[in-house]
Amino acid sequence: MTKTRSKVTKRLPRYLTEMIIGLILAILIVLALAATVGSVPFIYQGF
Amino acid sequence: MIRNVNDVTALIDRRFGAGLARPVSLLRTLVWVVVGIYLIGLLAPAPKAGLASIPYNKVALRHTSVRDLILDKNDARGWVQRRKDPSKFTIAWIGGSTIQTVRTYHHGFIPVDVTRRLPRINGKPVRVNMYLMEASRIYDLYAATAEALRSKPDMLVLDLNPIWLFNPNAIQSWPNFNPAVLGSLITDPGNWPLLAATDSPTDVALSAGGSHLGAVRNRWSYAEKLRSLVNNLSPKPKTIDPKVTPPRLTGVALVASMQNAYAFWNAYRLIPANTPVSKRYPAFMAQAKTDGSALNDSIVARTLQMIGKSRIPSVAYTSAVNPKELADPSVDATLRRIESHLGAIAGHNSFPTLRVQSRSAVRYVTGLKFRDMVHTTFDPPIVDYLSGVICAQLKRSRPTSTCAPTPRTASR
Amino acid sequence: MQLNFDSFSFFTNLFVALVVLVPIYRLVKNVLARRLLLGLAGLYLVWLIAPRLALFYLFFWLLVGLLQRLIAATAERRFGTAVFVVGMVLVIAPMVTWKIWTDSFIIDFNLWSNDAVQAISGPWGAVDLARDIILPLGLSFSTFRGLDLLIKTYLGVLDALRPDEIWFFGFFPPVQLIGPVIQYTEIRDGITPGRTKVTDDLRDGLLLVISGLFKVFVVSYPLQASSNVFGALKENSVGRLWLELLLFTLYFFFNFAGYSDLAVGASRLLGFDIGRNFDWPYAKTNPSAFWNSWHISLTGFFRRNVFVPFGGMRQNTQYRAIFLTIMSIALWHDISIPLVVFGFYHAAGLMGHRYVSSKRPPREATSVLARLPKMVAMVTYFGLSLPLMVINADQITPVYSALMGIT
């Protein structure tokens with residue numbers, strides 16, 4: 001039990017990183033989907 | 001100092017347990033992405049698309065048994081999902097602006113007037129789910145038909161505008177339907193070539209994501225909130241002086257001002273620039289391709305097959321054309337060409353529950369009034385006609401049906 | 001209508017396609033098959049924009065491929081230079097025609113390329129007609145990639161590419177629309193399986209995509225209306241003008257850098273490290289460092305092919321080379337008076353900095369705080385030139401007068 005607990009504690013930063021990055025990407029995807037109901041042109045597409 | 005992505009990954013390795021460094025870690029991250037999107041839909045729910053959000057339902061249709069199901073042209077949800085009411089006889093009515101009757105101080109709809117002639121069918125009150133798509137083209141009707149059939153109406157009525165039916169220069173005007181209807185169409189391999197031509201990977205993702213994730217499905221509602229926020233950040237716009245005539249647009253500015261691609265093809269290729277407005281609709285109709293090579297043929301055929309295989313009693317009719325336009329022999333000849341071609345396609349795709357009225361309704365009714373080639377201002381004759389056709393087709397498909405149009409009153 | 005194309009829809013198509021493409025690509029070990037697969041994916045993504053655009057690029061890269069072979073075969077001959085020059089002219093012609101005769105090019109480009117699609121297939125023609133009317137998206141970036149290929153072949157730095165290599169380079173998916181202006185050597189080796197760790201690629205790619213999405217949608221999207229202020233001078237105060245100019249300066253960078261990150265990130269997911277396109281340009285303290293960190297792929301192209309050949313590395317000719325390079329960059333944007341002014345403005349800054357540095361070598365402060373005043377000055381200097389990218393000649397005086405508070 002202690003071994004498992006220390007394994008989890010050791011890996012906690014990794015799990016937290018995965019969660020945070022995953023949630024950030026989720027927010028960005030939802031934001032992108034909402035923003036692109038209109039068009040989001042690339043500033044240099046006319047050049 | 002973070003200078004580039006290598007610095008970020010080094011920091012993650014050093015301080016954050018080397019996250020994302022292994023396949024299973026990446027997989028967990030992607031799971032969190034899906035969980036995150038799901039949670040956003042729960043914690044910040046966007047208003048679902050409802051009947052009340054559609055302008056016609058708020059005013060013109062408010063005291064009728066007809067509801068418009070079509071959402072905004074940029075809304076990937078496409079239409080409102082309306083639960084079937086078994087106590088009502090539901091007709092799905094699909095069409096473009098030709099199912100309206102508009103004149104001064106009056107904005108009416110042919111389906112509404114039909115329900116007044118057919119208030120009850122099979123002992124049940126009639127209600128209509130109207131799929132009214134302004135400026136719809138043949139692919140839009142195909143998509144709307146797929147959706148309408150999914151809702152399992154008791155009857156389906158499809159209005160076919162002869163101007164667009166076989167016009168190869170304008171086959172789709174509502175691409176926002178693509179994700180909404182993909183799920184219905186993809187189950188039939190016969191639809192795959194058309195889907196490959198019109199749908200994109202984004203449509204696939206929106207369809208798959210939208211069916212399970214509210215935040216994806218309701219992005220239009222989030223967009224409205226986001227737009228108002230962004231508009232508040234914008235500088236004051238230029239004030240337009242109404243006394244000043246805006247300069248005539250030319251070149252790229254003119255092209256950019258056009259509403260759709262079809263306007264461009266007409267302006268620069270299909271129709272002479274000096275064509276008067278009154279001659280534009282006949283010119284559009286004259287573009288119809290009826291030699292069997294148009295993509296439109298496949299779309300029409302697939303639409304009829306979809307309807308026929310559903311075994312739902314259905315009527316597909318060619319909408320009426322202003323008889324004054326038909327006084328021009330070339331316009332009449334074009335319409336006959338279109339009618340004949342539709343008849344041929346219908347002949348190859350005939351089903352007992354589907355009636356295709358390939359000849360324009362104007363061949364059967366008189367007394368209609370129009371404001372242009374196809375938009376009526378006075379519709380009782382066609383309402384009479386369609387009420388009769390609906391009842392006839394219903395009895396043919398379901399002989400035990402009770403359906404009888406009530407007589408036309410002076411006001412209706 | 002969509003002359004203001006939704007560039008992000010290209011990337012959503014790309015990233016959704018990558019969900020299927022990356023596993024298949026990783027499983028395929030044969031290099032030829034990998035090239036064909038990636039090229040096909042790139043062509044499909046362009047086809048989704050409009051079949052006419054895909055057909056145009058098929059012909060474009062066929063031309064580049066043929067010219068490259070011809071140049072390789074004749075480089076050592078007497079008329080080799082003439083062949084090279086003609087080749088360069090042919091490749092650059094569409095872009096230059098577009099820049100000079102914009103109106104007729106846009107119209108004719110759409111009409112002729114649709115005619116070509118219709119000639120090949122009626123149903124495809126109908127599909128093409130349903131797509132929006134478009135600018136020749138990605139043409140500049142493809143032109144520079146093509147020119148770079150021809151120049152390297154002529155100089156003997158690169159052998160003529162095989163058809164599958166041209167196909168792969170021409171239609172490399174992530175860079176179709178917005179660049180970066182990659183060189184063939186940047187992706188040549190990445191096609192070989194096993195060169196990089198898959199998890200590293202996926203991780204780096206994911207982080208770059210996050211960076212790109214953040215820059216485009218969190219920072220630049222809310223600021224997209226900032227340049228409207230240049231058309232509404234009377235309606236906005238001087239203070240508002242300066243604020244919007246600052247916001248436009250931020251919008252310009254974050255939109256550009258964000259989309260670049262998406263392209264670089266997508267490349268990384270496929271195992272290609274094509275190098276970043278921006279290196280914190282707004283943190284630089286002089287014009288030279290700024291231009292070396294802004295749109296790195298493009299400025300790199302001009303450095304290799306204009307600055308160096310015109311004597312940038314020699315003391316007597318360095319100022320001429322600087323001037324020609326920055327004017328080329330300016331006029332590539334548009335052949336117009338505002339961009340000529342833009343070119344002179346930045347040429348003055350670069351030449352001035354070069355001159356001052358030659359007299360008194362600069363001592364770069366190490367702390368951010370110490371560098372801050374120079375960073376602010378550099379951003380202001382660059383930001384003041386940005387309106388020239390979006391206004392007409394007759395707006396130059398009103399806009400800059402308004403910024404100075406002179407009505």
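Residue numbers start from 1 in every chain, and the chains themselves are labelled A, B, ... in the order their sequence lines are given, proteins ahead of strands.
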Measure [X] against the heavy atoms of chain B and call it side chain, backbone, both or neither at under 4.5 Å.
| X | answer |
| --- | --- |
| C:D201 | neither |
| C:S9 | backbone |
| C:W47 | side chain |
| C:N236 | side chain |
| C:T102 | both |
| C:E244 | side chain |

Inter-residue atom distance [X].[atom1] - [Y].[atom2], 0.5 Å rounding:
| X | Y | atom1 | atom2 | result |
| --- | --- | --- | --- | --- |
| C:D103 | B:L254 | CG | CG | 9.5 Å |
| B:D7 | C:L207 | CG | CG | 12.0 Å |
| C:I133 | B:W265 | CD1 | CH2 | 4.0 Å |
| B:T202 | C:F10 | OG1 | CZ | 10.5 Å |
| C:N114 | B:Y268 | CG | OH | 15.0 Å |
| C:Q118 | B:N169 | CD | CG | 7.0 Å |

What pair of heavy atoms forms the shortest contact from [X] to [Y], and how long is it?
| X | Y | result |
| --- | --- | --- |
| C:V127 | B:A197 | CG1-O, 3.5 Å |
| C:T199 | B:P23 | CG2-CD, 3.2 Å |
| B:P201 | C:Y44 | CD-OH, 3.5 Å |
| B:A261 | C:R131 | CB-O, 3.3 Å |
| B:L233 | C:P222 | CD1-CB, 3.8 Å |

Largest heavy-atom contact set with chain B, pairs under 4.5 Å, which of [options]:
| options | result |
| --- | --- |
| C:N228, C:V198, C:D261, C:D115 | C:D115 |
| C:L243, C:L111, C:L241 | C:L111 |
| C:L48, C:I107, C:V16 | C:I107 |
| C:V264, C:V20, C:N110 | C:N110 |
| C:L202, C:L45, C:I106 | C:L202 |

If I measure from the heavy atoms of chain C, does [X] come under 4.5 Å with its side chain, its backbone, both, or neither?
| X | answer |
| --- | --- |
| B:S234 | both |
| B:D199 | backbone |
| B:I12 | side chain |
| B:A170 | neither |
| B:A196 | backbone |
| B:T29 | side chain |

May I ask you to name which of B:K289, B:R269, B:Q172 has the most heavy-atom pairs under 4.5 Å with chain C?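 So the answer, after comparing B:K289, B:R269, B:Q172, is B:R269.
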If you draw a 6.0 Å radius around [atom1] in [X], do more than 12 non-hydrogen atoms from other residues or ligands fall strictly inside?
| X | atom1 | result |
| --- | --- | --- |
| B:R248 | CZ | no |
| B:R22 | CZ | no |
| B:K236 | NZ | no |
| C:I120 | CD1 | yes |

Test C:L206 against every option in B:L20, B:V33, B:V5 by the side-chain contact (heavy atoms from CB on, under 4.5 Å) rule and name the one that passes.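 Testing each of B:L20, B:V33, B:V5 against C:L206, the sole residue satisfying side-chain contact (heavy atoms from CB on, under 4.5 Å) is B:L20.
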